[in-house]
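Notes for the one structure printed next.
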Protein chains: 2
Amino acid sequence: MNQKAEKPMVTVDIVVFTVKNGDLNILLVKRKFNPFKGKWALPGGFIREKEEIKKAAARELEEETGVSGVYLEQLYTFGEVKRDPRGRVITVAYFALVPDDKFRLRASYDAEDVQFFSTKSLPLLAFDHKEILQYAIERLRNKIQYTNVAWSLLPSAFTLREIQDVYQAIWGRHLDKRNFRKKLLSLGLLRSLKRHKRGSRQRPAQLHSFKSTRPIELKRFF
Amino acid sequence: MNQKAEKPMVTVDIVVFTVKNGDLNILLVKRKFNPFKGKWALPGGFIREKEEIKKAAARELEEETGVSGVYLEQLYTFGEVKRDPRGRVITVAYFALVPDDKFRLRASYDAEDVQFFSTKSLPLLAFDHKEILQYAIERLRNKIQYTNVAWSLLPSAFTLREIQDVYQAIWGRHLDKRNFRKKLLSLGLLRSLKRHKRGSRQRPAQLHSFKSTRPIELKRFF
DNA sequence: TCAAAAGTGTTGTGTGTACACCCATGT
DNA sequence: ACATGGGTGTACACACAACACTTTTGA
């Protein structure tokens, strides 16, 4: 190995997904400083000297949303030489899956605002964050085909309608209710609770929960 | 973003796969310097100041094997704080797929030897390279299920037996010849050549080539 | 003539997909 | 009573998996 290399800076950026009323949303922060002051960007920041990379992502996520213990997976490392006008900055991108009911947004030191946006109507993004986001959506779409990660987007008790909405939001297309339920229930990984979801002005829906929350590889899923 | 962070060093490491007589092999280099002097390690090195990360991986690969233009994909970024005794070193791992007939190994400045090893009988590896390698194998196994990347491991003309061997080497299990051929041919992506592979003391096998080499996403593949 | 790999079809089983009606509730 | 989403079953098409024998060559 040749030690002559100049050291780049290394950051983490996090694509935080949630599903809000049937729509896939991601978290953005409004930058308080240059470059891209006033523009929306993915939450993120520098990795500390003796901090594991994933820990850094979890810390940044916790700072912006107050949530911890959610699904967090490394996505890809973006390092184009000129992606940051300040110099060589390599960013390790992560994506997080957060249930709609869990977070409490907070502005932070370098963000003047924090907000969820529907992936259907996004503002212009700073840096190469649009590319990162597209990559994250693609990964999520692929991943729900052979894992149960999408479940991380749900609260602990949910209706079958709600879980179908999560899949539809990610896929961006409608699924047949009967086929969806048949397939999902045949996996044998749900427990149906005694309780029903009341309060809407329709027939109350049976609530369900997962027997286990840990990640599972499925043969194939839709 | 908080600028107080100490800059880590950033390297690339490459897992170079090939299939040699029915066995999945990877390229290792014997380290000439400390740390881990004399131990086998993945080829790799530092990213240069104004060099794209993938370019760095391609350059290191070319230096050790003389090949270029092969399949090269970013795998994962490993950054455990203490993975390198010299200090904080974050490595962006790549994997490459190289046809058996293409390379010409060369020792380089910091490697005293370069050699392919069967994944069935590997030496002890330096750093966390065992972990990187396991991750790469897992990724390759998953990837052949829904893409045609494995084709990058074949020469331009090959027999159906040879392509089956590639899949079997990666999967680590035997596949039924008739089912394999039926599935593969039904994709309509092969062209059967006029030539036959003679010279072995069995019946000559029809040679084939790919109509197109570019990467394709398949619905599912074995 | 023998050894070794090439080549070739059929059948059963399981999984995905398409599709329509009645039910329970709140207003 | 009515609007709204909840809940349920069947039939067809397709893909995967299991399985054995004949052919062609070189030695």
Side-chain angles (χ1 to χ4, degrees), chain A residues 19 21-23 141-142 144-146 148 154 157-169 171-209 216-222, chain B residues 19 21-23 141 144-148 154 157-169 171-209 216-222:
Chain A
V19 174
N21 40 280
D23 231 23
R141 270 194 193 139
N142 287 328
I144 60 167
Q145 290 181 77
Y146 58 91
N148 64 346
L154 290 161
F158 50 86
T159 65
L160 294 177
R161 166 64 176 273
E162 286 166 342
I163 190 168
Q164 185 176 346
D165 279 346
V166 165
Y167 278 89
Q168 292 182 162
W171 267 115
R173 67 180 165 87
H174 180 262
L175 299 169
D176 181 83
K177 185 167 46 161
R178 285 163 294 183
N179 292 338
F180 181 86
R181 292 177 178 210
K182 198 190 321 167
K183 178 69 186 292
L184 190 69
L185 295 174
S186 76
L187 297 173
L189 300 169
L190 294 192
R191 183 198 320 286
S192 50
L193 306 176
K194 296 271 149 46
R195 293 184 297 133
H196 286 251
K197 177 162 192 164
R198 314 188 79 90
S200 58
R201 72 168 169 296
Q202 302 85 19
R203 175 174 175 178
Q206 176 87 232
L207 284 168
H208 296 257
S209 70
I216 297 172
E217 295 261 326
L218 306 170
K219 274 176 77 103
R220 187 169 163 223
F221 205 60
F222 301 105
Chain B
V19 173
N21 40 279
D23 230 25
R141 271 194 192 139
I144 59 167
Q145 291 181 75
Y146 58 92
T147 70
N148 65 344
L154 290 161
F158 50 85
T159 65
L160 294 177
R161 167 63 178 274
E162 287 166 343
I163 190 169
Q164 185 177 345
D165 278 347
V166 165
Y167 278 89
Q168 291 181 162
W171 267 115
R173 66 179 165 87
H174 180 262
L175 298 169
D176 180 82
K177 185 168 45 160
R178 285 163 294 186
N179 291 338
F180 182 86
R181 291 177 179 212
K182 198 187 322 161
K183 178 70 184 292
L184 190 68
L185 296 173
S186 75
L187 296 173
L189 302 168
L190 294 192
R191 182 197 322 286
S192 51
L193 307 176
K194 295 269 148 48
R195 293 183 297 133
H196 285 250
K197 176 160 195 164
R198 313 188 80 89
S200 58
R201 72 170 168 293
Q202 304 84 19
R203 174 173 176 177
Q206 175 87 231
L207 283 167
H208 296 257
S209 71
I216 298 173
E217 294 260 328
L218 306 170
K219 273 177 75 108
R220 190 170 161 220
F221 205 62
F222 302 106

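Naming convention: chains lettered A, B, ... in sequence-line order (proteins, then strands); numbering from 1 in each chain. Remember, predicted model here, so these are calculated numbers, not experimental data.
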Between [N] ([atom2]) and [X] ([atom1]): distance, integer Å:
X        : N      : atom1 : atom2 : value
A:Phe158 : D:dG6  : CZ    : C1'   : 16 Å
B:His174 : D:dA18 : NE2   : P     : 12 Å
B:Leu175 : C:dG7  : CG    : P     : 17 Å
A:Gln206 : C:dC23 : CD    : C1'   : 15 Å
B:Leu184 : D:dA15 : CG    : P     : 15 Å

Determine whether a donor-acceptor pair (one donor, one acceptor, N or O, separation below 3.5 Å) exists between the side chain of A:Lys183 and the base of C:dG16.
no
What about B:Arg203, does its side chain sit under 3.5 Å from the base of D:dT23 through a donor-acceptor pair?
yes
Options [options], nucleotide nearest the side-chain atoms of [X]:
X        : options               : value
A:Asp176 : C:dC19, D:dA27, C:dG9 : C:dC19
B:Asn179 : D:dT4, C:dA6, D:dA18  : D:dA18
B:Arg198 : C:dT8, D:dT8, D:dT25  : D:dT25
A:Ala205 : C:dA6, D:dG6, C:dC19  : D:dG6

Contact nearer the 5' end of DNA chain C, comparing A:Ser200 with A:Arg178:
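Looking at DNA chain C, the more 5' nearest nucleotide goes with A:Arg178.
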Pick the nucleotide of DNA chain C nearest each of B:Lys182 and B:Thr159; which residue has the one closer to the 5' end?
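Closer to the 5' end of DNA chain C: B:Thr159.
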Run through B:His208, B:Gln206, B:Lys177 and flag the one making a side-chain contact (heavy atoms from CB on, under 4.5 Å) with B:Leu160.
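For B:Leu160, the side-chain contact (heavy atoms from CB on, under 4.5 Å) check succeeds only for B:His208.
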Using modelled atom types and a 3.5 Å cut-off, is there a donor and acceptor pairing between side-chain atoms of B:Gln168 and backbone atoms of B:Gly22?
no
Contact under 4.0 Å: A:Arg181 side-chain N or O vs D:dG7 OP1/OP2
yes
For B:Thr147 and B:Leu218, run side-chain contact (heavy atoms from CB on, under 4.5 Å): C-alpha distance rounded to whole Å, both residues' side-chain angles, the deciding distance at 0.1 Å, then the answer.
CA-CA 5 Å; B:Thr147 70; B:Leu218 306 170; 5.8 Å; no
Would you say B:Trp171 and B:Gln145 make side-chain contact, with heavy atoms under 4.5 Å?
yes
Closer to the 5' end of DNA chain D via nearest nucleotide, is it A:Arg201 or A:His196?
A:Arg201
